[in-house]
Every structure is written in structure tokens, then in C-alpha cells.
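Taking it in order: structure first as C-alpha cells, then the write-up.
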Amino acid sequence: MEVLFNFGLSQDDSRTEKQFLKLSEDDHVLCLASGGEVPLDLISGIKDIHIDAVDTDQNQLFLAQLKHKAAIHLDPNEAALLLGYSKGSEAIRRTLLSHLKFHLSEAEKDFWKHNIDLFNLGPIHAGRFETYIRKYNKIVSSLLGKKHLIALMGMNDRAEQEDYFDHYFRVRLLKFIFRIAFHPRIYKSRGVVEEGLQHSKTSNMAEFFYSRFRNFCVANPAAKNGYYQFTFFNEMILPEAFPDFLQVKNLNILRAQTQNLNFFKTDIMDHLKQVEDNYYSKIALSNLSDWMSCDEITSLLDIILKKVKPGARILARYIHAPIILSGDHADRFEIDYEQARDLMNKERYPFYSLIPMVVT
């Protein structure tokens, strides 16, 4: 079956972006569309901000826009069911989609009509990464024991979760499963397209992901960590674990400024070339450095300096290729390494390293 999306869910924990970017009224923010959660969570967090979300993949944009319109026009629980954050019947999903179609463009209607089977589980389950990892999650869940995974959701204290993890989750076979799942010959193209692994050091990929797994399970209350619940139970069981843009407390802000969120099918470099100088005050770069060559990253930083305001805050992520600053870039971008460690320690999906930068 053809894979339509690289990511059904954004793997960037938007609360980290919120904490570092320090959004304020009249901010102009640039980010990647990807699975859609980052731009949607950011626009639902504060009034009177403007967000541009770019992506070169039209299918990713269709998915992000569906999430946006579902949040605007459906009840949060209905939107979660339609999209696949929560479980429900295919018949209900199709009924909800039929209600929503009046708010979709012709191109969107046509796309979802031709891919109606995605609503068996919900379209967020259809990402390349989610489809691949789901096979191994079943094995991991079996090894760890569902009752132990559920037990973590009843704990709110990190120390308690850490003790429980160390007692019940130190399964010898777990490391072996990571070696298989993230073996470069298997993971490449099946878990992520090859372009995203161009900088990977293949010998330590499994070790890297395994080393972050404990923090994934214990750094945040599992009852509120949608990534944890989706990984092990194929749904976000509790509504408080839904993305921020589907939280009732945020709906008024999201719906009041729907016109302030714009999606663009374009490369981030091309997009930046089209906007006026000193336009953006905040940028979330995701892990673009993993997907771009060193020369491309250098060119991107050059144009960012022209297009952002003094004092602009920029958050970059990476797994394989950190952004290395040199020359003028080293003088103009100030990296807060202490805050990076702080933020990483609280991430709900802590498989990226962070580079928080301020333009001087």
C-alpha cells in the first residue's frame, strides 16, 4: 500500500516550542507543517499571532488542514475520533467526514474521497513512521506488559515513575528489539525516507533511541502524555492527552484567529525569499538539519538573518546532524546550551536534541 504521509503526527513536542519561543501578541511565526500539531498548537496558545506553516509535501498539508478544520467545526472528542487520536468505528468517522466536507476545498474533498480507507483507523495512523513503528510497538508492549504500561498512567510523580520503570521495564530483550527496529537496512525507507538519514551514524542509531526511551516513559505524567499513550495503545486514551489544539480551554483562541494560520506548499528557503526583511520574530525549524546538506543549512541561516527581527528566537532540533555555527553565524546566533538541556529533560517525545537560538 502506498504511504501517503511521512508523519501522521508531528514528533516535535509543541510545548517545548511554546516554552522557548515565548510567543506574544503580534508575533509572526514560521514553522513546518509536518503532521500539523506544531502550527495548530501554537496558534491555539495565544491571541493575535500570525503563523505560516510550510511543507513541500502536499499530502502533509492536506492532513494538517484536515486537523485544523476538524478542530474548528467539530466537537473536540469528535475531531479526535475522526482523525484517529481516539478509537471509534469507521462508520462514525465517515459520518463526521461527511459533516466536515462542506468546509473543505475541492482539492481536499477529492484527496480524502480517493483515500477514504484511511478513516478505518483515522488518517494519523497512516504515516510512514507510525505504520512502521506500530509493528514493533506490539512486541514492546507485550514484553513490558500492558498492566505495567497502564500502571504508569496512574502516577503523577516522576520519581515514582522512574522507580517503577527501573523495576519492571528493564527487559533484556528490549534492547534487542531496538537493534532490529532501527537497523539501518530495515529502518531506511520503511521508517523514514532515506533523505532524512543522510547524516546518520548507522552504528549507533538503535543505541541512541534506546537511551532516550526511559525518559520518554518517565519524564512526564503518562496520563497526560499523548505520545506515550499513542505509542503503546494506538490512541490517546484520556482527553487531557489530546494535542493542545483539541483542548477545550484553547478552542476559543484557535477558532477566533483561524485566518491567522496559513499553509504554504513550498520549500522553506523559497518561502523566506518571498517575505520582506525583518518579518519573522519566531521560527521553529524542526530537524531540518537532518534533511539538508551542510551547504543548504548555511544558506538557510544566511537568509534567516535577513528575514528575522533582532532578538528573534529560533528553535532547531536534530537527531543526526546538529547545526554547527561558524564565522558570522557564530556571532549572530546565540545558543543557550543550559536551556537546551532543561527543555530536553521535559520533552514528552524526547528523541530529538535541541538547539535554542536567539539572533543578536
Side-chain angles (χ1 to χ4, degrees), residues 9-55 64-65 67-68 71-72 76 220 224 226-227 240 242-264 268 271-272 275-288 300 304-305 307-317 323 332-336 338-350 352 354-360:
L9 286 173
S10 172
Q11 296 174 1
D12 302 354
D13 183 354
S14 63
R15 293 182 187 175
T16 302
E17 269 71 10
K18 285 183 182 179
Q19 186 175 345
F20 175 71
L21 294 180
K22 297 182 178 179
L23 301 177
S24 58
E25 290 184 5
D26 296 324
D27 267 340
H28 286 78
V29 185
L30 176 63
C31 67
L32 303 188
S34 185
E37 284 79 9
V38 170
L40 289 170
D41 286 351
L42 295 183
I43 199 73
S44 66
I46 190 168
K47 295 179 181 178
D48 298 323
I49 63 171
H50 304 266
I51 296 182
D52 294 337
V54 302
D55 208 296
Q65 289 167 318
K67 293 179 182 182
H68 188 202
I72 293 170
N220 293 274
K224 297 181 180 179
Y227 291 107
E240 54 262 46
F242 289 168
D244 287 354
F245 75 93
L246 289 181
Q247 296 297 324
V248 173
K249 64 182 180 181
N250 297 325
L251 285 179
N252 287 339
I253 295 177
L254 173 70
R255 292 170 176 173
Q257 54 185 359
T258 180
Q259 301 302 318
N260 291 358
L261 172 59
N262 295 292
F263 293 97
F264 297 92
I268 190 170
H271 179 80
L272 283 167
V275 301
E276 61 191 57
D277 290 354
N278 303 313
Y279 182 74
Y280 288 112
S281 50
K282 312 286 167 65
I283 299 180
L285 286 176
S286 190
N287 65 321
L288 275 177
L300 176 60
I304 283 175
L305 287 175
K307 302 299 181 175
V308 299
K309 298 176 180 179
R313 301 177 74 84
I314 301 167
L315 183 63
R317 297 170 172 268
I323 293 176
R332 297 293 309 281
F333 293 98
E334 183 178 298
I335 299 177
D336 189 334
E338 184 175 348
Q339 187 169 19
R341 288 190 292 270
D342 239 12
L343 293 169
M344 286 169 56
N345 198 40
K346 300 173 185 175
E347 279 254 298
R348 290 175 297 173
Y349 200 72
Y352 288 115
L354 304 174
I355 305 177
M357 299 183 284
V358 176
V359 175
T360 60

Heavy atoms only: give me the nearest Ser14-Asp41 pair and the separation to one decimal.
-> OG-OD2, 2.7 Å
From the options Leu300, Val54, Val308, select the one residue that forms a side-chain contact (heavy atoms from CB on, under 4.5 Å) with Leu272.
-> Leu300
From Tyr227 atom OH to Gln11 atom CD, the distance as rounded to the nearest 0.5 Å | 8.0 Å
Using a 4.5 Å cut-off on heavy atoms from C-beta on, say whether the side chain of Asp336 contacts that of Val358.
-> no
Mind checking whether Lys307 and His271 have side chains closer than 4.5 Å, heavy atoms only?
-> no
Arg317 and its side-chain contact (heavy atoms from CB on, under 4.5 Å) partner, picked from Leu285, Ile355, Leu288, Asp13 = Asp13
Beyond-backbone contact of Val38 with Leu32, side-chain heavy atoms, under 4.5 angstrom | no
For Ala71 and Arg255, work out which heavy atoms get closest and say how close.
-> O-NH2, 2.9 Å
Rounded to the nearest 0.5 Å, the CD1 atom of Ile49 sits from the CG atom of Leu21 at a distance of 9.5 Å
What's the spacing between Leu261 CG and His50 NE2 if we round to 0.5 Å?
-> 11.5 Å
Between Ala33 and Pro39 the two heavy atoms that sit nearest each other are O-CD, 4.1 Å
Check: Glu240 side chain, Lys224 main-chain N or O, donor-acceptor pair, under 3.5 Å = no
Does the side chain of Asp52 come under 3.5 Å of the side chain of Tyr280 through a donor N or O and an acceptor N or O?
-> yes
Measure the CD-OG1 distance between Glu334 and Thr360 for me, rounded to the nearest 0.5 Å.
-> 6.5 Å
Is it true that atom NZ of Lys18 has more than 12 heavy atoms of other residues, nucleotides or ligands lying nearer than 6.0 Å?
-> yes
Which value, rounded to the nearest 0.5 Å, describes the distance between Asn278 atom CG and Lys309 atom NZ?
-> 8.5 Å
Looking at Arg348, Arg15, Glu347, which hits side-chain contact (heavy atoms from CB on, under 4.5 Å) with Asn220?
-> Arg348
Distance-minimising heavy-atom pair for Ala64 and Gly36 | CB-CA, 3.7 Å
Rounded distance (nearest 0.5 Å) linking atom OG1 of Thr258 with atom CG of Leu40 = 9.5 Å
Ile323 versus Phe333: any side-chain heavy-atom pair under 4.5 Å?
-> no
Is the side chain of Asn250 donor-acceptor paired with the backbone N or O of Phe245 at a distance under 3.5 Å, no angle test?
-> no
Pairs where residues 26-40 contributes a residue and the test salt bridge (Lys or Arg N to Asp or Glu O under 4.0 Å) is met, not counting sequence neighbours | Asp27-Lys282, Glu37-Lys67
Answer yes or no: does atom CG of Asn345 have more than 12 heavy-atom neighbours from other residues, nucleotides or ligands under 6.0 Å?
-> yes
Would you kindly say whether Asp244 and Ser44 are connected by a side-chain donor-acceptor distance under 3.5 Å?
-> no
Does the Glu25 side chain pair with the main chain of Lys47, one donor and one acceptor, at a distance under 3.5 Å?
-> no
May I ask you to test the Ile51-Asn260 pair for a side-chain heavy-atom distance under 4.5 Å?
-> no
Report yes if some heavy atom in the side chain of Leu251 is under 4.5 Å from a heavy atom in the side chain of Pro76; otherwise report no.
-> yes
Shortest non-hydrogen contact from Ile46 toward Ser24 | CD1-CA, 3.7 Å
Any donor-acceptor pair under 3.5 Å from Gln257 side chain to Ile43 backbone | yes
Short question: side chain of Ser281, backbone of His28 - any donor-acceptor pair under 3.5 Å?
-> yes
